[in-house]
Amino acid sequence: MIDLRLLREHPEVVRSAYAKRGGVRGMDRVIELDEEYRARLREVEELRAEHNRASKAIGQSPPEQRPQAIAQAKALADRLKNTEPALEELTVTLDTAAAYLPNLPHESVPPGMSEDDNVVEREVGGAPELDFEALDHVALGERLGIFDGDRAVKTSGSRFVYLLGAGVMLELSLVRFTMDLLVEQGFTPIVPPVLVRKHAMYGTGFFPADEFEYYRVDADDLYLTGTSEVSIAAMRSDEILASEELPLRYAGFSSCFRREAGTYGKDTKGLIRVHQFDKIEQFSFAHPARSWDEYERIRANQEHILQALEIPYRVLVMCAGDLGSGAAKKVDHEAWLPGARRYLELTSATNATDYQARRLQVRTREEGGTKLVHTLNGTACAVSRTIVALLENHQRADGSVGIPRALQPYTGFDEIRPP
RNA sequence: GGUGGGGUACCGAAGUGGCCAUAACGGGAUCGCCUCGAAAGCGAUUGAGGGUUCACGCCCUCCGCGGGUUCGAAUCCCGCCCCCACCGCCA
């Protein structure tokens with residue numbers, strides 16, 4: 001949800017922001033509806049005031065005057081009953097229409113309509129020099145015996161995987177390495193619930209648009225979260241945060257569940273696209289005046305991690321048309337996979353500004369009132385995809401895979417060899 | 001799984017049809033007085049959202065949520081959501 005007051009008072013600001021994505025249909029309709037709504041609201045409130053006065057007068061009037069006073073109040077009550085439904089209807093129409101308006105893209109977001117207009121801002125690390133034929137992560141993982149997708153089909157179906165042996169140690173090491181780094185940056189580690197109520201999915205904006213993407217536990221009417229962002233953001237809903245405690249930084253570690261509906265036949269083997277994976281996510285509640293600094297901090301952490309793991313990557317800035325509805329800016333880091341000879345999205349960082357906070361009602365106290373906070377999220381380490389990138393980039397001719405130096409204190413070994 | 005109890009402001013809590021909604025009472029917080037300083041004591045302040053106005057202000061809504069009865073609902077009726085306690089089971 002965007003700020004209707006801004007739209008009302010400065011429609012030209014909203015219009016020019018939306019122009020970057022080729023305009024937003026429905027914007028003018030919302031302006032009209034808002035105007036109609038307020039006109040009708042004034043009408044109803046005036047009636048209510050009159051009715052309140054009439055009702056109150058009854059209690060104080062002498063008994064012989066009561067029948068007349070009651071009749072008078074009743075007439076007003078009837079008029080209200082005839083007027084109020086139209087207001088309610090307008091409220092719903094307005095809210096529904098307004099909910100479709102996407103967040104305003106930040107000034108630094110490139111214009112564009114689709115993913116073709118996304119901008120590669122930088123490439124870091126370059127492709128590694130391999131003097132042998134590089135294998136993709138599926139071949140490497142099978143040879144090393146660190147994951148087993150074929151048997152996971154027996155127990156759970158496609159797109160599930162058993163992680164085994166050194167693969168597990170690698171995961172645990174990545175988790176601890178990432179957590180240590182984030183704690184140093186002022187993030188509080190958190191393991192959130194992965195089953196949440198429906199309102200948490202709505203509040204964070206994943207519902208209703210992407211409802212089909214998530215698992216539902218029918219018997220209890222709970223949903224499996226696709227990212228810890230959901231439970232972390234919803235944790236502070238309906239709260240007014242003290243401005244001294246902002247930014248509130250959380251490093252969430254959880255399993256993530258995605259149905260991957262509509263992706264049949266894409267990345268069916270291996271770890272790239274699985275229904276269940278573990279991820280460490282950065283999430284910040286920031287003061288609205290300082291959220292872009294916070295955004296840069298989150299992005300810097302992402303790059304720091306990729307560099308420490310010696311994974312070559314490129315920085316992809318999403319254009320206005322490819323932002324989704326809640327994001328004011330979104331930047332991805334895509335790792336180069338020498339085996340698969342393609343780029344793979346490893347992290348994504350979003351500043352939702354006040355869009356998500358408005359739904360969740362997370363505010364802070366300001367001089368003379370309250371103000372919505374800004375919410376930001378950014379992947380720190382999506383474990384399975386990070387393992388993919390590590391395997392492909394650190395593979396050697398003899399089939400072994402090296403462990404980057406920064407990770408070795410955590411793994412306790414410096415390479416993984418075929419058994 | 002069984003049986004009860006409960007959702008009122010920052011927290012606890014009273015309120016069973018108008019005299020109880022900024023909302024009793026207690027606590028907390030903030031400011032002031034007192035003090036060398038503090039504690040204690042005394043005094044004052046302390047919810048959110050919305051409409052309207054240049055402004056002072058005025059008005060509307062909110063007692064878990066949604067309906068109903070009534071001139072009038074925290075209070076009566078119906079439906080839903082959520083929380084807690086005890087027993088049973090359980091890593």
Side-chain angles (χ1 to χ4, degrees), chain A residues 1-10 30-99 191 193-203 207-208 216-223 230-231 234-246 248 255 288 354-373:
Chain A
M1 187 84 82
I2 68 159
D3 183 5
L4 285 186
R5 188 168 296 175
L6 176 73
L7 181 64
R8 182 188 308 154
E9 286 166 11
H10 301 288
V30 172
I31 294 177
E32 277 171 40
L33 282 170
D34 176 58
E35 191 132 342
E36 261 179 72
Y37 163 77
R38 281 180 299 125
R40 186 57 72 134
L41 181 66
R42 280 193 294 273
E43 212 177 297
V44 169
E45 286 191 345
E46 240 164 76
L47 258 178
R48 277 185 189 150
E50 217 178 312
H51 177 244
N52 285 349
R53 279 193 296 271
S55 278
K56 230 164 235 167
I58 293 169
Q60 281 127 30
S61 64
E64 65 274 13
Q65 283 175 23
R66 286 211 177 174
Q68 193 204 340
I70 287 175
Q72 212 174 348
K74 186 165 171 49
L76 283 166
D78 287 342
R79 270 178 71 193
L80 255 181
K81 256 174 214 155
N82 289 330
T83 322
E84 273 176 330
L87 176 67
E88 259 166 64
E89 215 173 295
L90 250 178
T91 310
V92 173
T93 313
L94 172 63
D95 285 351
T96 312
V191 176
V194 294
L195 280 167
V196 299
R197 295 201 171 112
K198 200 182 232 168
H199 79 254
M201 297 298 275
Y202 273 102
F207 281 11
R216 184 171 112 218
V217 179
D218 213 15
D220 298 282
D221 205 21
L222 292 170
Y223 296 83
V230 176
S231 14
M235 177 170 66
R236 295 306 195 119
S237 61
D238 296 315
E239 289 190 28
I240 298 175
L241 308 173
S243 61
E244 312 89 69
E245 64 177 333
L246 295 177
L248 254 179
S255 292
D354 62 6
Y355 197 89
Q356 196 174 46
R358 185 169 288 109
R359 284 196 183 202
L360 290 166
Q361 283 298 301
V362 189
R363 292 166 289 172
T364 185
R365 217 171 280 286
E366 279 276 281
E367 195 77 21
T370 63
K371 205 163 185 192
L372 294 163
V373 302

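Atom set for the values below is all heavy atoms of this structure, side chains included, hydrogens, waters and symmetry mates excluded. Throughout, protein chains are lettered first and strands after them, A, B, ... in sequence-line order, and every chain is numbered starting at 1.
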(request) Round to the nearest Å and state the distance from A/D220 atom CG to B/C81 atom P. (result) 13 Å
(request) Using the C1' atom on both, measure B/C71 against B/C86 and round to a whole Å. (result) 46 Å
(message) When both hydrogen-bonding distances must be under 3.5 Å and the geometry is Watson-Crick or G-U wobble, what is B/G37 paired with, if anything?
(response) none
(request) Would you mind pulling out the nucleotide paired to B/U61, Watson-Crick or G-U wobble, both distances under 3.5 Å? (result) B/A48
(message) Heavy atoms only, 4.0 Å cut-off, all strands: where does A/A54 land among base, sugar-phosphate and nothing?
(response) nothing
(message) Please give the distance between the P atoms of B/G12 and B/C84 as a whole number of Å.
(response) 13 Å
(request) Return yes if some donor-acceptor pair links the side-chain N/O of A/T364 with the main-chain N/O of A/L241 below 3.5 Å, else return no. (result) yes
(request) Both distances under 3.5 Å, Watson-Crick or G-U wobble: report the partner of B/C31, or none. (result) B/G43
(message) Which nucleotide, if any, forms a Watson-Crick or G-U wobble pair with B/C56, using both distances under 3.5 Å?
(response) none
(request) Considering just the side-chain nitrogens and oxygens of A/S55, establish if one lies under 4.0 Å of OP1 or OP2 belonging to B/G18. (result) no
(message) With a 3.5 Å limit on both atom pairs, tell me what B/U3 is paired to, counting Watson-Crick and G-U wobble, or say none.
(response) B/A85
(request) Among the candidates B/C60, B/A48, B/C71, find the nucleotide nearest to the side-chain atoms of A/I240. (result) B/A48
(message) Using side chain to side chain contact (heavy atoms under 4.5 Å, CB included), reason through A/R79 and A/H51 one step at a time and then give a plain yes or no.
(response) CA-CA 10 Å; A/R79 270 178 71 193; A/H51 177 244; over 6 Å; no
(message) Give me the distance, rounded to whole Å, that separates B/G7 from B/A74 when you measure between the C1' atoms they each carry.
(response) 12 Å
(request) Considering non-hydrogen atoms only, spot the tightest contact between A/P288 and A/V373 and give its length. (result) CD-CA, 4.2 Å
(request) For A/R40 and B/U52, give me the distance from atom CZ to atom P, rounded to whole Å. (result) 16 Å
(request) Look through every strand shown and name the nucleotide pairing with B/A9 as Watson-Crick or G-U wobble, where both distances are under 3.5 Å. (result) none
(request) Determine the interatomic distance between C1' on B/G72 and the same-named atom on B/G17; round to the nearest Å. (result) 8 Å
(request) Among the candidates B/G50, B/A48, B/C71, find the nucleotide nearest to the side-chain atoms of A/E45. (result) B/G50
(message) Measure NE2/A/H51 against C1'/B/C59 and give the value in whole Å, please.
(response) 16 Å
(request) Assign A/R358 to base, sugar-phosphate, or nothing according to its heavy-atom contacts below 4.0 angstrom with the strands shown. (result) nothing
(request) Look at the side chain of A/R197 and decide which nucleotide, out of B/G18, B/C60, B/C82, has an atom nearest to it. (result) B/C82
(request) Using the C1' atoms only, state how far B/G88 lies from B/G4, rounded to an integer number of Å. (result) 15 Å
(request) Would you name the heavy atoms of A/M1 and A/D95 that are closest together and state the gap between them? (result) CE-O, 4.5 Å
(message) Using heavy-atom distances to pick each residue's nearest nucleotide on RNA chain B, tell me which of A/R365 and A/E46 is more 5'.
(response) A/R365
(request) Report the distance from atom CG of A/L80 to atom P of B/C71, rounded to the nearest whole Å. (result) 13 Å
(message) Measuring from the side chain of A/E88 (C-beta onward, heavy atoms only), which nucleotide among B/C71, B/C60, B/G67 has the closest atom?
(response) B/G67
(message) In this structure, how many angstroms lie between the C1' atom of B/U52 and the CZ atom of A/R48, rounded?
(response) 15 Å
(message) Could you tell me how far B/A55 sits from B/G64 if I compare only their P atoms? Round to whole Å.
(response) 35 Å
(request) Using atom CG of A/D238 as one end and atom C1' of B/A9 as the other, report the distance to the nearest whole Å. (result) 15 Å
(request) Assign each of A/R38 and A/R53 to its nearest nucleotide of RNA chain B by heavy atoms, then name whichever residue's nucleotide is nearer the 5' end. (result) A/R38
(request) Go through B/G49, B/G51, B/G18 for me and flag the one nearest to the A/R42 side chain. (result) B/G51
(request) For the side chain of A/A49, starting at C-beta, report the closest nucleotide among B/G51, B/C71, B/C59. (result) B/C59
(request) Consider the side chain of A/L41, meaning its heavy atoms from C-beta on, and name the nucleotide among B/A48, B/G51, B/G18 that approaches it most closely. (result) B/G51
(message) Roughly how many Å apart are B/A40 and B/G28, using the P atom of each and rounding to a whole number?
(response) 9 Å
(message) I want to check one thing: is the phosphate of B/G72, taken as OP1 and OP2, less than 4.0 Å away from some side-chain N or O of A/N52?
(response) no
(message) Please report the distance separating the P of B/U16 from the corresponding atom of B/U69, rounded so that it comes out in whole Å.
(response) 24 Å
(request) To the nearest Å, give me how far apart CG (A/L47) and P (B/G72) are. (result) 13 Å
(message) So does A/L6 get a backbone contact from the side chain of A/E9, meaning a donor-acceptor N/O pair under 3.5 Å?
(response) no
(request) Could you tell me whether A/R216 and A/D218 have a side-chain N and a carboxylate O separated by less than 4.0 Å? (result) yes
(request) Evaluate the criterion side chain to side chain contact (heavy atoms under 4.5 Å, CB included) for residue pair A/R236 and A/L360; output intermediate values, then yes/no. (result) CA-CA 8 Å; A/R236 295 306 195 119; A/L360 290 166; over 6 Å; no
(request) In whole angstrom, give the distance that lies between atom NZ of A/K74 and atom P of B/C71. (result) 4 Å
(message) With side chain to side chain contact (heavy atoms under 4.5 Å, CB included) as the criterion, how do A/I31 and A/R8 come out once you've worked through the C-alpha distance, each side chain's angles and the decisive distance to 0.1 Å?
(response) CA-CA 6 Å; A/I31 294 177; A/R8 182 188 308 154; over 6 Å; no
(message) Which nucleotide, if any, forms a Watson-Crick or G-U wobble pair with B/C71, using both distances under 3.5 Å?
(response) B/G18
